[in-house]
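Working notes, beginning with the structure itself.
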Amino acid sequence: MALNPYDLYDIRSLLSEEERMVQDSVARFVDEKVLPIIGEAFDQARFPKELVPEIAAMGLLGSSLPEKYGCAGLNAVSYGLICQELERGDSGIRSFVSVQSSLCMYPIYAYGTEEQRQKWLPGMARGELIGCFGLTEPHGGSDPANMKTHAKRDGDDWVINGAKMWITNGNLADVAIVWAQTEDGIQGFLVEKGMKGFAAQEVHRKMSLRASVTSGLFFDNVRVPEANRLPNVKGLKGPLGCLTQARYGITWGPIGAAIACLQEATEYSKTRILFGRPLAANQAVQIKLAEMARRITLAQLLSLQLGRLKDAGNMQPAQVSLAKWNNCRMAIDIAREARDILGGAGITTEYCPIRHALNLESVITYEGTETVHQLVIGRELTGINAF
């Protein structure tokens, strides 16, 4: 039987029937609804909000959370496949789903009260309520313990002051999960749109994640009731736990971007005639394409095993760091090589590699830079913290 050139190790055969159904349904959505509009949306720096209702109707928001909250209750591998297929479309679409699911719905479920879960999760699963995650601050994102945003208790309320930066979905959000220093350590708060003193300002002139909303959040004596505090976690464990969930999905997402780039570079090389023969007939081009396929295959195996570990309850943060580091580096290198194979045509958004390459400049940076994840693995190897 002929090999699938984009799944050389037949990893699909390792998936359950439900996992394959999830992948196929999201793949169809991407092919039919995302790819026809995403190039123009990227050019226009516009997040295609019109896709949100169908994304929600497919059960892709909070897909791993229990059905009692209106969610799909899927396993971790299915969530990974969702991320892979969405990012085959565009990192901005996958980022929207990642933030809503892993950085907003997850902490409400894991750290919130039952009242908070009932209030927010069903509407978020339906896409009627949008969330954002406020951790990174203007002075730097890799040192969250040096947080400047603070919350002080005032009677039955908390008063929050500070700022957050590079916040996906910020200007779309009905609620922000905001992490702030308190006298009792870092705590999470549900800051609602319209609360006095809370403002979101969209970041413009971006050359990456253009089909995504990125914002700064500003808090000027924002009064938040005690009922909006996430009571079941304190310290950095809270936001870092959320990031581990999101990073897991990010290990899968870039695989989709890389596959899209390989597919386009392969097809282009077979139809582009130079010196009387297809570009694909050159050894140098075939070696580049083969190298892409090799690296994609390794990344697929890495994320699948990570997903199985997560579903078994055995996933460790350092394992997520290794996969995030490897798979983002794999994808950005492939996007750049694919752009090179396309030559001058590769610098236009009529083809996907330049768009994916620009997006991946953000993906390789957010939720832990490549260097941070390298140092996480170094600490595992040596037992010495070099941060």
Side-chain angles (χ1 to χ4, degrees), residues 61-66 68-71 97-125 128-137 141 144-170 172-198 200 215 217-219 221-249 317 367:
L61 301 177
S63 61
S64 298
L65 298 183
K68 67 178 287 190
Y69 301 112
C71 301
V97 172
S98 289
V99 168
Q100 181 84 341
S101 301
S102 297
L103 295 183
C104 297
M105 297 177 73
Y106 171 78
I108 293 172
Y109 171 71
Y111 309 139
T113 64
E114 184 60 23
E115 290 76 15
Q116 290 168 342
R117 295 175 193 136
Q118 294 291 346
K119 177 180 178 179
W120 293 103
L121 294 182
M124 295 179 83
E128 297 167 358
L129 300 171
I130 304 302
C132 67
F133 179 83
L135 177 63
T136 298
E137 298 192 342
N146 191 29
M147 187 180 296
K148 306 299 184 187
T149 299
H150 60 269
K152 292 186 177 180
R153 189 70 184 260
D154 183 18
D156 293 333
D157 298 333
W158 294 82
V159 178
I160 301 178
N161 284 279
K164 303 294 182 178
M165 192 60 183
W166 309 118
I167 308 303
T168 298
N169 299 350
L172 299 173
D174 299 285
V175 62
I177 311 298
V178 177
W179 300 93
Q181 288 279 11
T182 74
E183 291 183 353
D184 199 19
I186 291 172
Q187 298 196 62
F189 299 87
L190 299 164
V191 180
E192 300 180 39
K193 182 178 181 179
M195 284 183 165
K196 186 178 179 181
F198 172 42
S215 309
L217 305 181
F218 303 93
F219 310 92
N221 290 318
V222 179
R223 187 168 290 273
V224 178
E226 166 66 11
N228 281 37
R229 182 178 65 89
L230 297 174
N232 296 326
V233 73
K234 291 181 181 177
L236 275 176
K237 176 184 177 182
L240 295 184
C242 301
L243 289 172
T244 296
Q245 299 296 318
R247 285 181 191 131
Y248 164 76
E367 301 196 32

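All values below were derived from every heavy atom in this structure, side-chain atoms included, with hydrogens, water molecules and symmetry-related copies excluded. Remember, predicted model here, so these are calculated numbers, not experimental data.
- The minimum heavy-atom distance between Ser63 and Ser101, with the atom names listed, is N-OG, 4.5 Å.
- Once rounded to the nearest 0.5 Å, the distance linking CG of Leu217 with CE of Met165 reads 9.5 Å.
- Of the possible polar contacts, one joining the Gln116 side chain to the Arg229 backbone as a donor-acceptor pair under 3.5 Å is found.
- Under the 30°/60° scheme for interplanar angles, the aromatic rings of Trp179 and Tyr111 are found to stand perpendicular.
- The shortest distance between side-chain heavy atoms of Val178 and Phe198 does not fall below 4.5 Å.
- Checked against Ile130 for a side-chain contact (heavy atoms from CB on, under 4.5 Å), the options Val175, Leu61, Leu172 give a single hit: Leu172.
- A 6.0 Å sphere centred on CD of Glu114 holds more than 12 heavy atoms belonging to other residues, nucleotides or ligands.
- Under the 4.5 Å side-chain criterion, counting only non-hydrogen atoms from C-beta, Pro225 is in contact with Met195.
- Atom CG of Asn146 has more than 12 heavy atoms from other residues, nucleotides or ligands within 6.0 Å.
- The two residues Leu243 and Phe133 have their closest heavy-atom pair at CD2-CE2, 4.1 Å.
- For Thr244, the side chain to side chain contact (heavy atoms under 4.5 Å, CB included) test picks out Arg247, Met315, Pro317, Val320, with sequence neighbours left out.
- The salt bridge (charged side-chain N to carboxylate O under 4.0 Å, His left out) test applied to Glu128 returns Arg126, not counting sequence neighbours.
- With hydrogens and angles disregarded, a donor-acceptor distance shorter than 3.5 Å links the side chain of Glu137 to the backbone of Lys148.
- Without hydrogens or angle criteria, Thr149 side chain to Ala163 main chain gives a donor-acceptor distance under 3.5 Å.
- The line from CG of Asn232 to CD of Gln187 is 11.0 Å long, rounded to the nearest 0.5 Å.
- The two residues Ala173 and Gly131 come nearest to each other via the heavy atoms CB-C, 3.9 Å.
- Distance OG1/Thr136 to CE/Met147: 9.0 Å, rounded to 0.5 Å.
- Proximity of Ile177 to Ile108: side-chain heavy atoms (C-beta onward) are separated by under 4.5 Å at one or more points.
- Scanning both residues, Asn221 and Asn161, for their nearest heavy atoms gives N-OD1, 2.7 Å.
- Interatomic distance, Met124 CE to Arg117 CZ, rounded to the nearest 0.5 Å: 14.0 Å.
- The backbone N or O of Leu129 sits less than 3.5 Å from a side-chain atom of Gln100, completing a donor-acceptor pair.
- A donor-acceptor pair under 3.5 Å links the side-chain atoms of Lys164 to the main chain of Leu135, judged by distance alone.
- Atom CD of residue Gln245 and atom OG of residue Ser98 lie 11.5 Å apart, to the nearest 0.5 angstrom.
- When the shell of 6.0 Å around OH of Tyr109 is examined, it contains 12 or fewer heavy atoms from other residues, nucleotides or ligands.
- Among all heavy-atom pairs drawn from Pro107 and Cys242, the shortest one is CB-SG, 3.5 Å.
- Side chains of Val99 and Cys104 form a contact here, defined as non-hydrogen atoms less than 4.5 Å apart.
- Remark: Asn228 CG to Arg223 CZ distance equals 13.0 Å, nearest 0.5 Å.
- A 6.0 Å sphere centred on CH2 of Trp158 holds more than 12 heavy atoms belonging to other residues, nucleotides or ligands.
- Of all heavy-atom pairs between Glu367 and Ala246, the closest is OE1-CB, 2.9 Å.
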Using the side chain to side chain contact (heavy atoms under 4.5 Å, CB included) rule, take Val222 and Phe189 through it: C-alpha gap first, then chi angles, then the decisive distance, then the call.
CA-CA 11 Å; Val222 179; Phe189 299 87; over 6 Å; no
